[in-house]
Amino acid sequence: MGAADIVMEGETKEVAVKEEEAEKEEKDNGGVKEADKENVDSQEKVIQESPETNFRVSNQRTLNSSNPLRVVLEGARPRAQAPPPSQPPPPSSQTPISSQPPISSPREPIINLNSRAYTNRIALFLFLLHIVAAVGLVCFLGLKAIQGLLGGGKTEREVKRMLRFWLPQAEGATVLSILLAFFWQKTIRVWPEFMVNFIIWSSFATSMAAGILLLVFPRALTNGIGVALIIFAIGNALYACWVTQRIKFCGRVITKSLEPAAKFPDLSHPTYWMLGICFLWISVWVIAIIGALNFYYPSLIIIALILSLAWITEVLRNVANITVSRVIALYYLRGMQSNTQFCFQRAMTRNLGSACLGSFFVPAIEALRIVARGLNLLEGEDEFMFSCAHCCLNVMETIFRYGNGWAFVQIAAYGKGFVRASQDTWALFQSQEMEPIINSDITSSVCFLAGVCSGSICVLVTASWSWAVYRNYTGTVSLLTFYIGYLLTRIGMALPHACVACYYMGYAENPESRLFDRTIPDRLDLLKSGKAFLVPTSRVPIPRRFSV
């Protein structure tokens, strides 16, 4: 039982094939003895289950070229017929490697989460140049204030009066605004759903109360500020009634988005550092306001100082925003426990240019977009107003794609520039069909109204204080303290705002992640079906005399 038996078996089959010619070739291996079957057990399993062509290919591939069985089979069997054109020919082991070049599948580009490039360098250079100019101007005006204090006459009396009756209110409003910023951030992290409703309606109550208080004081400036606050309060009440159906969903999203924040105990530290820096700067800034009164063109200088303070505080807010966004975004995208201090250093260096550019354009873009949407709602039946409103809305929607507040998440996570991050963010929302839920989100409005509420509380405190000590400063103190309260509270609300933005962005990039539930999909289904804004009506029983 060896090679001789196998050769005899092969010759016998060759004669049988020539004599019968119609016999099937599946019987070629039928006479192999049990010992040989045990040695080639795996080959026989393939032979028994495969057709004739597979049998030949498998045998010639598995058997060695010097094996007698392969030699006899190749000499005894006729050549296999070529496969039909519809079927591809079986692969041959004799084909040279060079004749079949490997097909390289395109690879997705590796996304770098630790980019070392500085983003928006031109904006960073302009901001640093502005900082140098602002510091120089503040120091110069501070010296002018000291000169006015040391000089004699009317200037000395005016400077001493402002230091006595104007500076304490400004510093007190700064401290009160920081305390209110801590209060809003802490309470919205503990009771998010309740605080959304509370902020919306308390901003109405405080602004209305501040407006009424200023109307009581018989001064032209205070009366003008009071009328403006009352008009804003009425609009705030109408807005609160309009977004009633969105409040519950906003509270639910804030609740879900703040869950990862509990894993990072030091996540609030960047906000505290930004508030501390802002407190130091405002303390020097108010002295520069006093010095500007003793210099040429005081009105223009004061306006320049106010705009400079707005840009600086907005940059500080977005630095805190980018820091929180990187920590939370890496948790959603990679499940990483990031170091908050390292993320803060990165936001203060590599991503500072994007923060400067976004701080300059985003407030103006969002304000104009709100105005355009308001005009679109009030277009009426006039054809001219209809076309103008739609034209303005389309222009602002186009600009919004190139600059929006949602871009800070991708700036923090991927180190992109502001414009590219805005485009990629909006394209990602469009790919997931999330534009309706993004456009109807009221988180930014809640943060804005929290700032208005703090500013109104500062007006209530400082206006009463100024009226009691020196009435001529009531109007200017009211304007200044409202402005300071609003800016500092916006810095404190950077943490919940960034968490909500990361929640939306994380879902848009990976909707199947286990970190997300059905909150967003269910809301999208309601928006698409038109049932999200349906107001439930209570069933009031009809009196019997009106029933038929």
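All residue numbers in this chain count up from 1 along the given sequence.
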Quiz prompt | Contact check, side chains of Ile399 and Val395, non-hydrogen atoms, under 4.5 Å | solution = yes
Quiz item: Ile131 versus Ile312: any side-chain heavy-atom pair under 4.5 Å?
Solution: yes
Quiz prompt | Salt-bridge criterion met for Asp525 and Arg518 (N-O under 4.0 Å) | solution = yes
Practice problem: Go through the steps to decide whether Phe295 and Phe140 satisfy the test ring pair (Phe, Tyr, Trp, His ring centres under 6.0 Å), and finish with yes or no. | Solution: CA-CA 10 Å; Phe295 196 60; Phe140 174 76; 5.1 Å; yes
Per-pair distances, 0.1 Å, donor-acceptor, side chain in residues 186-202, under 3.5 Å, sequence neighbours excluded:
from: Thr187; atom 1: OG1; to: Phe183; atom 2: O; distance (Å): 2.7
from: Thr187; atom 1: OG1; to: Trp184; atom 2: O; distance (Å): 3.2
from: Arg189; atom 1: NH1; to: Ser268; atom 2: OG; distance (Å): 2.8
from: Asn197; atom 1: OD1; to: Trp201; atom 2: NE1; distance (Å): 3.2
from: Ser202; atom 1: OG; to: Phe198; atom 2: O; distance (Å): 2.7
from: Ser202; atom 1: OG; to: Ile199; atom 2: O; distance (Å): 3.2

Exercise. Check the pair Val324, Phe264 against side-chain contact (heavy atoms from CB on, under 4.5 Å), reporting the backbone distance first and the verdict last.
Key: CA-CA 10 Å; Val324 177; Phe264 305 94; over 6 Å; no
Quiz item: Excluding sequence neighbours, so at least two apart, what forms side chain to side chain donor-acceptor pair (under 3.5 Å) with Ser203?
Solution: Asn236
Quiz prompt | Asn321 CG to Leu316 CG distance, which is reported to the nearest 0.5 Å | solution = 12.5 Å
Taking distance alone, no hydrogens or angles, what donor-acceptor pairs closer than 3.5 Å link side-chain atoms of residues 337-345 to residues at least two apart or in another chain?
from: Asn339; atom 1: OD1; to: Gln341; atom 2: N; distance (Å): 3.2
from: Thr340; atom 1: OG1; to: Asp266; atom 2: OD1; distance (Å): 3.1

Exercise. Could you tell me which residues satisfy side chain to side chain contact (heavy atoms under 4.5 Å, CB included) with Arg350, sequence neighbours excluded, listed by chain and number?
Key: Arg116, Tyr118, Arg346
Exercise. Side-chain contact test, heavy atoms from C-beta onward, threshold under 4.5 Å: evaluate it for Ile234 versus Phe204 and give yes or no.
Key: no
Self-check item: Side-chain donor/acceptor of Ser466 to backbone N/O of Ala463, under 3.5 Å
Solution: no
Practice problem: Report the distance from atom CH2 of Trp311 to atom NE2 of His130, rounding to the nearest 0.5 Å. | Solution: 6.0 Å
Counting only pairs under 3.5 Å, give me each side-chain donor-acceptor contact of residues 477-490, with atom names and distances, residues two or more places apart or in other chains.
from: Ser478; atom 1: OG; to: Thr474; atom 2: O; distance (Å): 2.7
from: Thr481; atom 1: OG1; to: Thr462; atom 2: OG1; distance (Å): 3.0
from: Thr481; atom 1: OG1; to: Val477; atom 2: O; distance (Å): 2.7
from: Thr481; atom 1: OG1; to: Ser478; atom 2: O; distance (Å): 3.2
from: Tyr483; atom 1: OH; to: Ile306; atom 2: O; distance (Å): 2.9
from: Tyr486; atom 1: OH; to: Arg490; atom 2: NH1; distance (Å): 3.0
from: Thr489; atom 1: OG1; to: Ser454; atom 2: OG; distance (Å): 2.8
from: Thr489; atom 1: OG1; to: Gly485; atom 2: O; distance (Å): 2.8

Quiz item: Heavy-atom count around Phe232 CZ within 6.0 Å, excluding the residue itself: above 12?
Solution: yes
Practice problem: Check whether any side-chain heavy atom of Ser440 lies under 4.5 Å from a side-chain heavy atom of Arg246, and answer yes or no. | Solution: yes
Exercise. For Arg317 and Ile491, indicate whether the former's side chain and the latter's backbone hold a donor-acceptor pair under 3.5 Å.
Key: no
Practice problem: Mark yes when over 12 heavy atoms from residues, nucleotides or ligands other than Leu129 sit less than 6.0 Å from its CG; otherwise mark no. | Solution: yes
Self-check item: Atom pair CG/CZ of Leu357 and Arg121 - distance to nearest 0.5 Å
Solution: 14.5 Å
Quiz prompt | Worked verdict on Phe516 versus Tyr332 for ring pair (Phe, Tyr, Trp, His ring centres under 6.0 Å) | solution = CA-CA 9 Å; Phe516 304 103; Tyr332 281 133; 5.1 Å; yes
Quiz item: Should Tyr272 and Gln185 count as side-chain neighbours, where that means a heavy-atom distance under 4.5 Å?
Solution: yes
Exercise. May I ask you to test the Ile290-Trp166 pair for a side-chain heavy-atom distance under 4.5 Å?
Key: yes
Self-check item: Within-4.5 Å side-chain heavy-atom neighbours: Ile254 and Tyr503
Solution: no
Self-check item: Under 3.5 Å donor-acceptor, Asn318 side chain and Cys356 backbone
Solution: no
Quiz item: Going from CG on Leu275 to CG on Leu280, what distance comes out if it is rounded to the nearest 0.5 angstrom?
Solution: 11.0 Å
Exercise. Give a yes or no on whether the ring-centroid distance for Phe360 and Phe127 is below 6.0 angstrom.
Key: no
Can you give me every donor-acceptor pair (side chain of residues 423-434, partner residue at least two apart or in another chain, under 3.5 Å) with its distance?
from: Asp424; atom 1: OD2; to: Lys416; atom 2: NZ; distance (Å): 2.8
from: Thr425; atom 1: OG1; to: Ala421; atom 2: O; distance (Å): 2.6
from: Ser431; atom 1: OG; to: Leu428; atom 2: O; distance (Å): 2.6
from: Gln432; atom 1: NE2; to: Ala508; atom 2: O; distance (Å): 3.3
from: Glu433; atom 1: OE1; to: Lys528; atom 2: NZ; distance (Å): 2.8

Quiz item: Does the side chain of Leu305 reach to within under 4.5 Å of the side chain of Leu141, using non-hydrogen atoms?
Solution: yes
